J.: 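Quick one: the structure is below, and I'll ask about it shortly.
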Amino acid sequence: QYQFMNGESLLVAPVYKSESKRDSIYLPKGTWYDYWDGKAYTGNTWVNNYSAPLEKLPLFVKQGGIIPMYPQMDYDGEKKTDSLTLDIYPFQKSKFDMYEDDGLTRDHRKGAFAKTLIEVDATTGIQITINAAKGDFEGKNKQRVYLLDVHNPKAPKKVSVNGKKLKAYNNLQQFEKASTGYFFNANDRSGTVHIKTNYLSTSANQTIALN
């Protein structure tokens, strides 16, 4: 009663007592990752003495999770949504159907919305397919930059977007300054591959491959 699922992949366990730890967090069957540090937990178990200071919400992601994120903003429309972050925890085959509308009106009731199917195949290497968006609404992005955080303990030998190889960067500063490329950070949540694409059409399928 003191935790809940946000979608199929996010388990939220709010702190409900005035203390800096959280007890009795139940993780269902499967592998779960601490959203903040990447620590893996085998499910069907209880987590006690979880460090939970005031600024930290206990949050766990199920293996195979795909989490789309807009730029951080205080209200709808504060910032452009032409960049999209995909936080990905690869495992076998998984998918997420991302829903979008204008965020302002009730036109979605009249069919003014779009869905984008995101698929991840981690059976041989890691292949991420961002399928063409289906549907339309006022203000829909015709193209956008994709920022992918792919959780993987090993650095890939290469990363490509639609068959075109991306440049690898040795540090985060170089990566952040670049318009496209990738950077593997072994110290980020037990290993994360950060990928940045150029502007890509939302009306066509896009494929990002890690090998």
Side-chain angles (χ1 to χ4, degrees), residues 1-17 19-70 72 84-100 115-131 133-134 146-157 159 182-195 205-211:
Q1 61 177 330
Y2 297 116
Q3 63 185 57
F4 61 90
M5 292 295 298
N6 185 0
E8 297 181 357
S9 300
L10 279 176
L11 187 148
V12 187
V15 176
Y16 59 94
K17 294 181 180 179
E19 53 187 357
S20 59
K21 68 180 180 69
R22 175 70 154 83
D23 288 326
S24 302
I25 300 173
Y26 178 71
L27 299 178
K29 184 179 178 180
T31 298
W32 296 82
Y33 296 95
D34 187 317
Y35 179 81
W36 305 109
D37 64 16
K39 181 180 177 180
Y41 294 84
T42 300
N44 194 25
T45 191
W46 294 88
V47 177
N48 292 307
N49 295 312
Y50 181 87
S51 177
L54 185 62
E55 69 277 7
K56 181 182 177 183
L57 174 68
L59 188 61
F60 299 86
V61 186
K62 191 174 184 179
Q63 191 176 47
I66 302 168
I67 306 170
M69 296 183 290
Y70 278 165
Q72 185 174 341
L84 180 73
T85 296
L86 297 175
D87 202 24
I88 296 173
Y89 295 76
F91 177 65
Q92 297 180 354
K93 293 184 178 182
S94 58
K95 59 185 178 180
F96 183 87
D97 205 10
M98 183 179 71
Y99 171 92
E100 296 178 281
K115 288 187 175 182
T116 303
L117 179 63
I118 302 164
E119 301 174 287
V120 177
D121 185 345
T123 54
T124 303
I126 300 172
Q127 180 168 299
I128 301 155
T129 303
I130 305 169
N131 289 277
K134 295 183 178 180
Y146 294 98
L147 306 170
L148 296 91
D149 293 336
V150 183
H151 298 271
N152 196 47
K154 296 181 180 179
K157 294 180 179 178
V159 175
Y182 75 94
F183 167 62
F184 174 70
N185 188 345
N187 298 317
D188 182 2
R189 292 168 290 175
S190 300
T192 302
V193 185
H194 301 280
I195 303 168
N205 292 1
Q206 311 294 346
T207 302
I208 298 94
L210 293 75
N211 301 109

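Given the structure is predicted, the values throughout are model-derived calculations rather than measurements. The figures here come from the full heavy-atom set of this structure, side chains too, leaving out hydrogens, waters and symmetry mates. Residues: numbered from 1 along the sequence shown.
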J.: So, the side chain of Asp34 versus the backbone of Lys39: is there a donor-acceptor pair under 3.5 Å, distance only?
T.: no

J.: Hey, could you give me the CG/CG distance between Asp37 and Asp188, rounded to the nearest 0.5 Å?
T.: 10.5 Å

J.: If I take atom OG1 from residue Thr192 and atom CG from residue Asp87, how far apart are they, to the nearest 0.5 angstrom?
T.: 7.5 Å

J.: Is any side-chain heavy atom of Tyr146 less than 4.5 Å from a side-chain heavy atom of Ile128?
T.: no

J.: Closest approach of Phe184 and Ala155, non-hydrogen atoms and distance?
T.: CD2-CB, 3.4 Å

J.: Please examine the side chains of Val150 and Pro90, heavy atoms only from C-beta on, and report whether any two atoms are closer than 4.5 Å.
T.: yes

J.: Given 3.5 Å as the limit, does a donor-acceptor pair link the side chain of Asn48 with the main chain of Ser24, or not?
T.: yes

J.: Looking only at atom types and distance, does a side-chain atom of Gln63 sit under 3.5 Å from a main-chain N or O of Gly30, one as donor and one as acceptor?
T.: no

J.: Would you say that more than 12 heavy atoms from the other residues, nucleotides or ligands in this model lie under 6.0 Å from the CD of Gln72, or not?
T.: no

J.: Do you know the tightest heavy-atom contact between Trp36 and Lys56?
T.: CD1-CE, 3.6 Å

J.: Quick one: does Leu86's side chain get under 4.5 Å of Ile130's, heavy atoms only?
T.: yes

J.: Roughly how far, to the nearest 0.5 Å, is the CD1 atom of Ile88 from the CG atom of Asn152?
T.: 11.5 Å

J.: Do Leu11 and Lys62 make a side-chain contact, defined as non-hydrogen atoms from C-beta onward lying under 4.5 Å apart?
T.: no

J.: Does Asn49 offer a backbone N or O that forms a donor-acceptor pair with the side chain of Asp23 under 3.5 Å?
T.: yes

J.: Just wondering, more than 12 heavy atoms not from Lys21 lying within 6.0 Å of its NZ?
T.: yes

J.: If you define the side chain from C-beta out and look only at heavy atoms, does anything of Leu84 sit under 4.5 Å from Tyr70?
T.: yes

J.: Indicate yes or no: at least one non-hydrogen side-chain atom of Asn211 is less than 4.5 angstrom from one of Lys157.
T.: no

J.: Hey, could you give me the CG/CD1 distance between Leu148 and Ile118, rounded to the nearest 0.5 Å?
T.: 9.0 Å

J.: Taking the side chain as every heavy atom from C-beta outward, state whether Leu210 and Ile195 have any atom pair closer than 4.5 Å.
T.: yes

J.: Return the minimal non-hydrogen interatomic distance between Pro156 and Val193, and the atom names on each side.
T.: CD-CG2, 3.7 Å

J.: For Phe96 and Pro68, which heavy atoms make the closest approach, and how far apart are they?
T.: CE2-CG, 3.5 Å

J.: Minimum heavy-atom separation for Lys95 and Glu119, please, with both atom names.
T.: CB-CG, 4.1 Å

J.: Which atom names give the shortest non-hydrogen contact between Ala52 and Pro58, and what distance separates them?
T.: CB-CG, 4.0 Å

J.: For the residue pair His151 and Arg189, establish whether any side-chain heavy-atom pair is separated by less than 4.5 Å.
T.: yes

J.: Nearest 0.5 Å, please: how far is CG in Asn6 from CD1 in Ile67?
T.: 9.0 Å

J.: Just how far is it from atom CG of Asn185 to atom OG of Ser190, taken to the nearest 0.5 Å?
T.: 11.0 Å

J.: Begin from the C-alpha positions of Tyr89 and Tyr35 and carry the test side chain to side chain contact (heavy atoms under 4.5 Å, CB included) through to its verdict.
T.: CA-CA 10 Å; Tyr89 295 76; Tyr35 179 81; 3.8 Å; yes

J.: Output, in order, the C-alpha distance, side-chain angles, deciding distance and verdict of ring-ring contact (aromatic ring centres under 6.0 Å, His included) for Phe60 and Tyr50.
T.: CA-CA 12 Å; Phe60 299 86; Tyr50 181 87; 5.4 Å; yes

